[in-house]
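Each chain gets a letter, A, B and so on, in the order the sequences are listed, and its residues count up from 1. Small disclaimer: the values here were computed from a predicted structure and weren't measured.
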2 protein chains.
Amino acid sequence: MIPKIAIQGFEGSFHQIAARHYFGTDITFATCATFSEVVRQVTSEEVDCGLMAIENSIAGSILPNYNLLQQANLRVTGEVYLRIRQHLLMLPGQSLEDIREVHSHPMALLQCRAFLRKHLDWRLVETEDTALSAKNIRERHLAGTAAVAGSLAAELFNMDIVAEDIHSDDQNYTRFLVVERAEKAKPVANANKASLYFHTDHQQGSLARVLVRIADRGINLSKLQSYPRPGYTWQYYFHADLEFDDARQLEKVLEDIAPVTDSVRVLGVYRKGETY
Amino acid sequence: MIPKIAIQGFEGSFHQIAARHYFGTDITFATCATFSEVVRQVTSEEVDCGLMAIENSIAGSILPNYNLLQQANLRVTGEVYLRIRQHLLMLPGQSLEDIREVHSHPMALLQCRAFLRKHLDWRLVETEDTALSAKNIRERHLAGTAAVAGSLAAELFNMDIVAEDIHSDDQNYTRFLVVERAEKAKPVANANKASLYFHTDHQQGSLARVLVRIADRGINLSKLQSYPRPGYTWQYYFHADLEFDDARQLEKVLEDIAPVTDSVRVLGVYRKGETY
């Protein structure tokens with residue numbers, strides 16, 4: 001059976017590019033307007049898996065998604081990193097000289113501002129989505145209009161890439177998590193990474209005590225993210241990503257930190273992801 | 001001389017309410033479209049101080065503002081906490097029964113969704129800002145239209161509050177920092193809080209070592225926030241808020257953590273803020 005993957009965003013989006021790297025191309029997609037809808041479709045088993053962006057190397061964490069993960073009955077079973085490459089797409093046969101308007105999401109326009117600034121005669125139009133802008137140009141046969149979008153949008157909507165890699169920052173990566181309904185998820189073989197969250201009492205040094213126990217087991221804390229603890233003003237949950245060589249290290253550290261944390265929950269144990 | 005304060009947002013906004021609590025009412029304002037513009041006006045000395053939201057008790061940290069603080073030549077000289085209270089504002093003489101439309105920022109409409117759901121016949125219109133919606137109703141004499149906004153907008157634009165405290169969550173607080181140009185800022189008397197940032201080498205346990213030294217000085221870590229280190233993919237700065245009784249504790253801990261951190265910078269030493 002061909003797996004069905006819920007992603008946030010539209011056909012041709014960076015979520016879809018990331019999903020194709022992780023699962024291969026023999027998959028189908030449920031495109032969702034929001035991350036909450038991705039979570040809903042996964043937990044209700046309308047799809048097999050979900051893929052959701054969790055952080056970007058420049059903009060930082062997508063904080064609401066940490067709360068979503070904490071509240072949902074999901075397990076993280078994998079991750080994938082994608083370099084964000086923006087191109088300029090037009091109808092086949094068109095070229096740079098034909099451009100009068102450029103459509104894209106405001107963030108994508110911002111990511112390409114050095115390139116776009118060289119063409120002050122182009123009118124920039126902010127839209128809902130990168131790939132959707134490309135699709136719209138294709139469907140409405142908009143000559144003279146280009147979209148800033150990823151390569152998959154060019155492929156899916158049969159558009160020409162008239163300028164490649166027009167983003168300003170070459171080191172712009174997004175990290176995506178693969179999530180499954182907790183009861184359905186199978187243990188991942190050769191796992192070397194885990195995501196968990198906890199909170200501590202508000203004693204002095206309580207977080208230090210947790211981190212020392214993690215370090216003492218030879219485990220690398222690759223990310224520590226605080227986010228609000230719902231219902232407790234100015235108290236925080238800590239989301240921690242741990243990297244280890246051997247799953248027994250993780251078992252041991254969970255025993256070690258139990259006495260100095262409250263509400264520890266492991267969101268998933270998985271293989272450290274590749275970068276594409 | 002009457003101090004001039006740069007705030008993000010419009011006249012009547014929550015930033016302005018917070019500023020009036022902190023500085024009193026004998027101040028003038030420069031309203032800025034963005035937080036970057038607040039920083040620019042403070043560093044160029046067009047204003048005396050700036051006030052910028054840094055975190056919310058429900059939504060969490062405003063991550064871009066941590067990067068702004070890190071890059072700007074500012075000093076944090078104070079903080080203030082404000083409970084976010086949303087009301088329904090109309091032209092004088094109008095009442096709930098007259099409402100056909102409600103205007104506000106999407107986040108404010110969301111914060112009041114339980115109340116608004118009881119009135120399914122009201123058309124909800126998303127706007128740029130809460131206070132600006134009230135001002136617009138006043139200036140265009142829009143009968144039958146209400147704005148969701150704070151009490152100051154009612155006062156400034158001479159509107160009636162036709163329904164008070166319509167927000168769903170009673171424990172919704174925003175924390176604001178007071179910032180001044182670094183060279184101009186004077187030391188704060190009786191300071192008991194500091195904001196600083198640092199990064200560590202990527203050795204195992206490096207963050208634990210820093211936090212242990214902070215705890216060993218009897219200093220309370222009230223907030224630890226990671227955010228991306230520009231130019232270093234998947235490396236993080238840590239912003240730490242420290243609470244102490246005596247400024248000498250802070251001096252000592254800065255000596256203690258120097259050998260286990262890189263690029264420590266104290267953003268400000270100030271008095272723990274009041275909640276209004």
Side-chain angles (χ1 to χ4, degrees), chain A residues 55-67 81 83 169-175 200 202-244 249 272-273 275, chain B residues 55-67 81 83 169-175 200 202-244 249 272-273 275:
Chain A
E55 57 176 323
N56 174 271
S57 64
I58 296 172
S61 289
I62 304 171
L63 282 183
N65 288 1
Y66 286 85
N67 274 106
Y81 296 83
R83 185 155 76 89
D169 195 321
D170 216 35
Q171 300 297 314
N172 180 12
Y173 297 87
T174 298
R175 176 185 176 211
T200 63
H202 278 246
Q203 305 279 320
Q204 265 167 25
S206 56
L207 179 61
R209 275 190 286 280
V210 180
L211 300 193
V212 164
R213 290 178 187 212
I214 291 171
D216 283 350
R217 286 284 173 196
I219 286 177
N220 183 42
L221 178 70
S222 61
K223 171 90 197 246
L224 182 72
Q225 177 65 54
S226 61
Y227 60 97
R229 185 177 167 207
Y232 296 82
T233 303
W234 306 127
Q235 294 192 21
Y236 305 94
Y237 275 117
F238 291 97
H239 174 107
D241 292 328
L242 308 181
E243 295 177 357
F244 46 85
Q249 282 172 283
K272 196 176 164 174
T275 301
Chain B
E55 56 175 325
N56 174 272
S57 64
I58 296 171
S61 290
I62 305 172
L63 281 184
N65 288 1
Y66 286 85
N67 273 107
Y81 296 82
R83 186 156 75 90
D169 194 322
D170 216 36
Q171 299 297 314
N172 179 11
Y173 297 88
T174 297
R175 176 185 176 210
T200 62
H202 279 247
Q203 303 280 319
Q204 262 169 28
S206 56
L207 179 61
R209 275 189 286 279
V210 180
L211 300 192
V212 164
R213 290 176 187 213
I214 291 171
D216 283 349
R217 286 282 173 197
I219 287 177
N220 183 40
L221 178 70
S222 62
K223 171 90 197 243
L224 183 72
Q225 177 63 55
S226 60
Y227 60 98
R229 185 176 168 208
Y232 295 81
T233 303
W234 305 125
Q235 294 192 21
Y236 304 95
Y237 274 117
F238 291 96
H239 175 107
D241 293 327
L242 308 182
E243 295 177 356
F244 45 86
Q249 282 172 285
K272 196 178 162 171
T275 301

Using a 4.5 angstrom heavy-atom cutoff, name the option from [options] with the most pairs to chain A.
options                : result
B:I219, B:L207, B:I58  : B:I219
B:S226, B:A215, B:P230 : B:S226
B:G231, B:P64, B:G218  : B:G218
B:Y66, B:Y227, B:W234  : B:W234

| request: In sequence, state the C-alpha distance, the side-chain angles, and the governing distance for A:L63 and A:Q225, and then conclude on side chain to side chain contact (heavy atoms under 4.5 Å, CB included). | output: CA-CA 9 Å; A:L63 282 183; A:Q225 177 65 54; 3.2 Å; yes
| query | Which one of A:S222, A:G205, A:G60, A:S57 has the most heavy-atom pairs closer than 4.5 Å to chain B? | reply | A:S57
| Which residue out of A:T233, A:D216, A:V212 racks up the most heavy-atom pairs below 4.5 Å with chain B? | A:T233
Where on [X] is there a heavy atom nearer than 4.5 Å to chain A: the side chain, the backbone, both, or neither?
X      : result
B:Y236 : side chain
B:Q235 : neither
B:S206 : neither
B:Y232 : neither
B:R175 : both

| task | Would you kindly say whether A:S61 and A:K223 are connected by a side-chain donor-acceptor distance under 3.5 Å? | result | yes
Closest approach of [X] and [Y], non-hydrogen atoms and distance?
X      : Y      : value
A:R217 : A:Q249 : O-NE2, 3.0 Å
A:P228 : B:A59  : CG-C, 4.0 Å
B:T275 : B:Y173 : CG2-CE2, 3.7 Å
A:D169 : A:Q171 : OD1-N, 2.8 Å

| query | Can you tell me how far OH of B:Y81 sits from NZ of B:K272, rounded to the nearest 0.5 angstrom? | reply | 6.5 Å
| field | Proximal component of A:N56, with respect to chain B [non-hydrogen, under 4.5 Å] | value | backbone
| field | Proximity breakdown for A:E243 and chain B, heavy-atom pairs closer than 4.5 Å | value | neither
| said: Between B:L221 and B:L242, is there a side-chain heavy-atom distance shorter than 4.5 Å? | reply: yes
| said: Measuring only between side-chain heavy atoms, which start at C-beta, is A:D170 closer than 4.5 Å to A:R83? | reply: yes
